[in-house]
Amino acid sequence: MKAGRLVATMQQKPLVEMASIALAFILARRLLALGQLDLNDYGERADYRSPSAECVLEVSGTEDSSELGRRHREKVAQALDNSYGWGACVVVCAFSVKGHRIRVSRHGPVEA
């Protein structure tokens with residue numbers, strides 16, 4: 001019932017983004033073992049960073065499942081271009097009437 005009210009009172013794009021962030025936080029803790037995450041400044045190449053894991057986390061969401069692969073590839077390239085020189089974890093979620101999908105990946109730092 002609460003979810004229905006939320007959908008009725010929020011614009012779709014922020015709702016998709018917040019749902020993606022919530023899922024990414026769960027996966028970052030349970031699957032990726034990133035530990036505590038710090039929020040990066042606006043304009044950095046990834047959304048969050050984990051100093052203990054020397055890894056950044058980039059999160060994205062879409063309502064179009066056909067965008068999942070392309071969006072994931074773009075976010076991987078973006079996150080690996082981080083200013084710390086760290087590896088990257090990327091979580092991209094697709095929420096669609098056809099079904100929901102999540103693509104999660106972890107990448108080592110790019111060698112210079």
Side-chain angles (χ1 to χ4, degrees):
M1 187 166 30
K2 289 181 182 179
R5 286 196 312 247
L6 190 61
V7 169
T9 59
M10 282 191 72
Q11 293 178 348
Q12 200 66 17
K13 188 172 181 174
L15 186 60
V16 167
E17 194 66 25
M18 288 184 354
S20 298
I21 291 168
L23 286 170
F25 281 177
I26 292 167
L27 293 169
R29 171 75 64 179
R30 294 185 179 223
L31 178 67
L32 302 169
L34 293 183
Q36 178 160 339
L37 296 170
D38 297 331
L39 179 65
N40 280 337
D41 291 331
Y42 181 79
E44 290 195 35
R45 304 300 291 167
D47 299 316
Y48 304 92
R49 66 186 178 278
S50 170
S52 63
E54 292 189 351
C55 190
V56 297
L57 174 64
E58 175 63 17
V59 182
S60 186
T62 182
E63 294 177 78
D64 185 351
S65 295
S66 69
E67 289 184 9
L68 189 64
R70 178 192 57 79
R71 176 84 58 99
H72 185 261
R73 287 187 299 277
E74 290 173 357
K75 294 299 179 177
V76 168
Q78 175 183 320
L80 285 172
D81 191 30
N82 69 80
S83 60
Y84 306 101
W86 293 349
C89 292
V90 176
V91 178
V92 179
C93 303
F95 302 101
S96 148
V97 293
K98 296 178 184 176
H100 312 304
R101 300 186 64 121
I102 302 170
R103 186 165 290 179
V104 180
S105 61
R106 186 174 198 142
H107 308 269
V110 174
E111 299 289 326

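Numbers for residues simply follow the sequence, beginning at 1.
- At a threshold of 4.5 Å between side-chain heavy atoms, the hydrophobic network of Ile, Leu, Val, Met, Phe, Trp and Tyr places Leu23 and Leu37 in one connected group.
- Under the 3.5 Å distance criterion, the side-chain polar atoms of Asn82 are matched with a main-chain donor or acceptor of Ala79.
- Residues meeting the salt bridge (charged side-chain N to carboxylate O under 4.0 Å, His left out) test with Glu74, sequence neighbours left out: Arg70.
- Of all the heavy atoms in Glu17 and Ser60, the pair that sits closest is OE2-CA, 4.3 Å.
- Under the 4.5 Å side-chain criterion, counting only non-hydrogen atoms from C-beta, Asp38 is not in contact with Tyr48.
- No chain of hydrophobic side-chain contacts below 4.5 Å, direct or via other Ile, Leu, Val, Met, Phe, Trp or Tyr residues, connects Val92 to Ile26.
- Among Asp47, Asn40, Val90, Leu34, the single residue meeting the side chain to side chain contact (heavy atoms under 4.5 Å, CB included) criterion with Leu57 is Leu34.
- The hydrophobic clustering, which links ILVMFWY residues whose side-chain heavy atoms are closer than 4.5 Å, places Leu31 and Ile21 together.
- Residue pairs meeting the side chain to side chain donor-acceptor pair (under 3.5 Å) criterion with at least one member in residues 92-105, sequence neighbours excluded: His72-Ser105, Ser105-His107.
- Of the possible donor and acceptor atoms, one in the side chain of Arg71 sits under 3.5 Å from a partner among the backbone N and O of Gly61.
- With rounding to the nearest 0.5 angstrom, the CD atom of Glu58 is 14.0 Å from the CZ atom of Arg49.
- The OG atom of Ser52 sits 8.5 Å away from atom CD of Gln36, with the distance rounded to the nearest 0.5 Å.
- Residues Ile102 and Leu27 meet the side-chain proximity criterion, which asks for heavy atoms closer than 4.5 Å.
- The shortest side-chain heavy-atom distance between Phe95 and Ser20 falls under the 4.5 Å cut-off.
- By the criterion of side-chain heavy atoms lying less than 4.5 angstrom apart, applied directly or through intervening Ile, Leu, Val, Met, Phe, Trp or Tyr residues, Val104 is not grouped with Leu68; the two fall into different hydrophobic clusters.
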Donor-acceptor pairs under 3.5 Å, side chain of residues 3-16 to any protein atom, not counting sequence neighbours: which ones?
from  : atom 1 : to    : atom 2 : distance (Å)
Thr9  : OG1    : Arg5  : O      : 3.0
Thr9  : OG1    : Leu6  : O      : 3.3
Gln12 : NE2    : Glu63 : OE1    : 3.4

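- Between Arg106 and Cys89, the closest heavy-atom pair is CG-SG, 3.6 Å.
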